[in-house]
Structures are given as C-alpha cells and as structure tokens.
Novice: 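Have a look at this one.
As the structure lists them, so they are numbered: ligands from 1, and atoms in each ligand from 1. None of these values were measured; they are calculated from a predicted model.
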Amino acid sequence: MHTFLYRTNSLLTFVASVLVVLCILASITDYFHRDSAVVAVDIVQVDRFQVSQAGNDEAFLAFNISADLRSVFTWNTKQLFVFLAVEYATPENAVNQVSVWDRIIERREDALIALPRVQNKYRLVDQGRNMRGRDLNLTMYWNAMPKSGRIYTGQKTLTGYRLPDTYS
Ligand SMILES: *[C@@H]1O[C@H](CO)[C@@H](O)[C@H](O)[C@H]1NC(C)=O
Ligand SMILES: *[C@@H]1O[C@H](CO)[C@@H](O)[C@H](O)[C@H]1NC(C)=O
C-alpha cells in the first residue's frame, strides 16, 4: 500500500516535471518562430464620406482583405486576435488609429482570409474635419495567444491609400 502511494506520487512528480519542460520548450520554440504572413488589403469603394451630425468627418469604406496568417500558428498557439487599423496623421493628432475590422481565429485553417468586400465594422470618425484628401496607412496586426509563454505579435503596414477630396 505504501509502496503504491509512493509510486503514484513519484509518477505524478515525473509527469509534472515533463509538463514544465514541455511548456518551457514550447515557449522557446515560439520565441524563435518567425512567421511569413502575407497580407493584401484594398479599399474597394468609398461607400459614403460625409460630415457626421457631431460635425466630424466620417468615412464608410469597403475593404478587400486577403491574408494568409497560417504561418503564425505554431503547436503552442491557442488563438489569434487579428485587427485591421486605419492610420493617418492630422494637424490635430500626430497619430490617428481606428480599428475597422477584427477577428478571433482559433484554427490554423481559418487563418487563410479572403473577404472581397467588408465594410468598416467600427465607425471611422475623425476628431474634426481633416479627412478630405488624407493619406492613409492600413496596418494589419496579429496577437498570437500562446498555450504557454509570451504573446507573439506581428504587423504589416500597407501605404499609399488616400481619401477623396470631396464628400459623397
Ligand atoms: C505610414 O507608414 C509609413 C511606412 O511604414 C510610415 O513612415 C508613416 O509614418 C505611416 N504614417 C502614419 C500616419 O502612421
Ligand atoms: C481582392 O484581392 C485579391 C487578392 O489581392 C484579388 O485577387 C481580388 O481580385 C480582389 N477582389 C476585389 C473585389 O477587389
């Protein structure tokens, strides 16, 4: 009986040690992991561009989002939080950053994204009336939540977008 308890205990200790080592290994291999993410985004249409009731510029855009983030996944990845941000500079704010689309991805095969037309999910409103003819960056960000270890983040900035000179 004593022997049995003793053996159970040492077996559990052994299993726990193995788990700890696996977690450390997972974190280390994740640390050296580099993804080869592919991201392509287009503004396919400006659906509406106007001054909101509060007196600020507001844009309603349609995006074409293509991304292959499957390489971000490792055996230690629990899920990805992915979001697309519109970024621009105005005389009032050096950095304006508005999230326009996001998604939680739990499986590697779902990290191949092809959305030919999505409208901004959150309002794209300026703090003022500075958006006409404004240059934009579109940055895709991804945060990989690990099963163990630290969060891995990545991003890809695409430049060369511009809002129209006139409201519509
Ligand atoms: C847009 O991206 C370019 C290149 O990464 C960067 O130099 C510039 O500061 C960015 N502009 C804004 C407003 O974030
Ligand atoms: C969306 O982007 C993909 C890849 O860049 C392209 O093949 C496709 O034709 C685009 N679709 C639209 C509606 O612009």
Side-chain angles (χ1 to χ4, degrees), residues 27-146 149-168:
S27 312
I28 291 173
T29 56
D30 242 31
Y31 186 80
F32 291 109
H33 174 69
R34 294 288 173 270
D35 67 67
S36 50
V38 180
V39 177
V41 183
D42 258 327
I43 297 177
V44 286
Q45 197 175 336
V46 178
D47 289 336
R48 253 188 304 152
F49 186 30
Q50 61 189 31
V51 181
S52 72
Q53 285 204 325
N56 298 311
D57 281 356
E58 175 162 18
F60 298 80
L61 307 177
F63 300 92
N64 175 4
I65 302 174
S66 305
D68 186 349
L69 301 175
R70 289 176 297 180
S71 65
V72 178
F73 271 82
T74 67
W75 63 297
N76 188 34
T77 305
K78 192 165 153 219
Q79 63 179 31
L80 304 187
F81 176 66
V82 184
F83 67 98
L84 179 69
V86 168
E87 296 165 341
Y88 62 97
T90 60
E92 288 174 41
N93 298 307
V95 180
N96 296 274
Q97 190 187 52
V98 182
S99 170
V100 288
W101 174 86
D102 59 19
R103 181 173 279 187
I104 288 170
I105 301 173
E106 291 176 334
R107 296 183 313 165
R108 189 175 189 274
E109 53 269 36
D110 294 334
L112 184 60
I113 301 162
L115 303 167
R117 188 187 165 85
V118 281
Q119 287 167 302
N120 47 289
K121 186 169 167 183
Y122 307 105
R123 289 181 71 186
L124 180 50
V125 188
D126 187 42
Q127 288 179 325
R129 296 187 56 182
N130 311 294
M131 284 172 104
R132 278 168 298 172
R134 186 64 58 193
D135 290 323
L136 306 178
N137 283 353
L138 295 177
T139 304
M140 187 74 90
Y141 294 89
W142 51 93
N143 297 327
M145 323 284 179
R150 56 167 211 152
I151 289 186
Y152 169 86
T153 63
Q155 68 188 66
K156 170 117 197 254
T157 297
L158 302 158
T159 59
Y161 306 91
R162 195 184 147 98
L163 284 170
D165 294 320
T166 54
Y167 298 120
S168 58

Novice: Using a 4.0 Å cut-off to any heavy atom of N137, which atoms of ligand 1 qualify?
Specialist: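 Contacts of ligand 1 toward N137, numbered from 1: 1 (C), 2 (O), 3 (C), 8 (C), 10 (C), 11 (N), 12 (C), 14 (O).
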Novice: A quick test of your reading: do over 12 heavy atoms of other residues, nucleotides or ligands sit less than 6.0 Å from CD of Q53?
Specialist: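 Incorrect, the count does not exceed 12.
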Novice: Test side-chain contact (heavy atoms from CB on, under 4.5 Å) on Y141 and F81 and set out the steps.
Specialist: CA-CA 8 Å; Y141 294 89; F81 176 66; over 6 Å; no
Novice: Numbering the atoms of ligand 1 from 1, which are under 4.0 Å from a heavy atom of A89?
Specialist: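 Under 4.0 Å from A89, ligand 1 has these atoms: 13 (C).
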Novice: Which of these passes side chain to side chain donor-acceptor pair (under 3.5 Å) with Y88: N137, N130, D126?
Specialist: D126
Novice: Return the set of residues passing side chain to side chain donor-acceptor pair (under 3.5 Å) with Y167 (not counting sequence neighbours), or none when no residue passes.
Specialist: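 Testing Y167 for side chain to side chain donor-acceptor pair (under 3.5 Å), a comparison that skips the adjacent residues, returns D57, R129, R132.
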Novice: Starting from the N and O atoms of ligand 2, collect every protein N/O partner closer than 3.5 Å and put each pair on its own line with the distance to 0.1 Å.
Specialist:
{"unit_1": "ligand 2", "atom_1": "2 (O)", "unit_2": "N64", "atom_2": "OD1", "d": "3.4"}
{"unit_1": "ligand 2", "atom_1": "2 (O)", "unit_2": "N64", "atom_2": "ND2", "d": "2.5"}
{"unit_1": "ligand 2", "atom_1": "11 (N)", "unit_2": "N64", "atom_2": "ND2", "d": "2.7"}
{"unit_1": "ligand 2", "atom_1": "14 (O)", "unit_2": "N64", "atom_2": "ND2", "d": "3.0"}

Novice: Going by distance alone, is a donor N or O of one side chain under 3.5 Å from an acceptor N or O of the other, for E87 and Q97?
Specialist: yes
Novice: Would the number of heavy atoms belonging to other residues, nucleotides or ligands and lying under 6.0 Å from NZ of K78 be above 12?
Specialist: no
Novice: Between R117 and D47, does the salt bridge (charged side-chain N to carboxylate O under 4.0 Å, His left out) criterion hold? Intermediate values first, please.
Specialist: CA-CA 11 Å; R117 188 187 165 85; D47 289 336; 2.9 Å; yes
